[in-house]
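All remarks here apply to the structure that follows.
Numbering of ligands and ligand atoms starts at 1, following listing order. Source: prediction; values computed, not measured.
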Amino acid sequence: MTRHKLTSSLVLVPGLLLDHALWEPQIAALSGICAPWVADLRREGSIATMASRVLAEVAAQPFALAGLSMGGYVAMEIMRQAPQRVTKLALLDTRATLDTPEETARRHELIRLAQAERGFAPVTARMLPLLVHPERVSDEPLVRVIREMAERVGVEAYVRHQQAMMARPDFRTVLPHIGCPTLVLCGRQDALTPLERHEEIVRHVRAARLVVIERCGHLPTLERPHEVNVALRDWLLGP
Ligand code: MLT
């Protein structure tokens with residue numbers, strides 16, 4: 001058996017309404033080769049302060065950095081603020097571009113819904129078909145993990161994060177300055193941040209590799225953990 005020494009610290013950044021449970025399968029599979037740490041950004045109200053909190057809380061320097069969706073926006077902002085601290089970057093199910101007017105309207109509507117109900121049942125019902133592959137919308141164990149994350153994040157943080165994303169900058173300006181090995185990964189059927197958005201990132205980052213996970217939506221770490229673990233292991237152990 002090949003033994004790997006702990007190669008690096010791995011900083012994991014979850015997306016909207018998601019927390020450490022998003023990364024549990026990766027933590028279980030990769031702890032032998034790295035020291036994983038999951039950011040908790042529930043108190044932050046802008047992408048810039050989310051990035052500076054991660055940079056302040058992570059003692060390790062430098063570190064490997066992976067972010068999914070809103071976590072990808074935070075990871076790109078970290079690349080703007082302190083690229084020298086990041087050895088490797090993984091952007092999962094995210095995008096560099098701004099929202100369309102329809103997406104902004106949907107955010108306002110979802111905020112209204114969450115505040116009116118003081119809970120996430122209607123928000124999750126509305127979002128689930130956009131979050132997971134159509135074959136998984138009735139996958140009870142998976143849906144339960146998603147619901148429980150939403151409850152832990154809570155309405156206040158949800159609203160703060162939606163507002164933070166509406167005010168986020170266009171990260172296309174950051175991409176050409178990213179010099180570290182970069183894994184860009186997405187579910188083939190990601191309906192929120194589709195494959196084209198990832199192809200666009202790959203075109204603008206010098207050392208980027210695209211991995212597409214088949215029969216998978218916006219949450220590959222939970223929908224297809226094995227495939228994601230293989231891709232992250234290659235990325236961590238690769239040059
Ligand atoms: C996320 O999953 O973090 C968000 O859906 C991303 C977004 O709404 O732009």
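- Shown here for Val174 and Met76, the closest heavy-atom pair between the two residues is CG1-O, 3.6 Å.
- Arg80 has a carboxylate O that lies under 4.0 Å from a charged side-chain N of Glu77, or vice versa, which qualifies the two as a salt bridge.
- Between Glu200 and His204, the side chains place no donor N or O within less than 3.5 Å of an acceptor N or O (distance only, hydrogens not considered).
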- request: Dump the intermediate steps for salt bridge (Lys or Arg N to Asp or Glu O under 4.0 Å) on Arg168 and Asp99, then the final yes or no.
  value: CA-CA 9 Å; Arg168 76 184 187 275; Asp99 290 350; 2.9 Å; yes
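- Leu192 approaches Arg95 most closely through the heavy-atom pair O-NH1, 4.5 Å.
- Listed by first then second residue, pairs satisfying ring pair (Phe, Tyr, Trp, His ring centres under 6.0 Å) with a partner in residues 71-115 number zero, not counting sequence neighbours.
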Less than 3.5 Å apart, N/O on ligand 1 and N/O on the protein: could you list those pairs with the distances?
| unit_1 | atom_1 | unit_2 | atom_2 | d |
| --- | --- | --- | --- | --- |
| ligand 1 | 2 (O) | Ser69 | OG | 2.7 |
| ligand 1 | 2 (O) | His218 | NE2 | 3.0 |
| ligand 1 | 3 (O) | Leu16 | N | 2.8 |
| ligand 1 | 3 (O) | Ser69 | OG | 2.9 |
| ligand 1 | 3 (O) | Met70 | N | 2.7 |
| ligand 1 | 8 (O) | Arg107 | NH1 | 2.8 |
| ligand 1 | 8 (O) | Arg107 | NH2 | 3.3 |
| ligand 1 | 9 (O) | Tyr73 | OH | 2.5 |
| ligand 1 | 9 (O) | Arg95 | NH2 | 3.0 |
| ligand 1 | 9 (O) | Arg107 | NH2 | 2.8 |

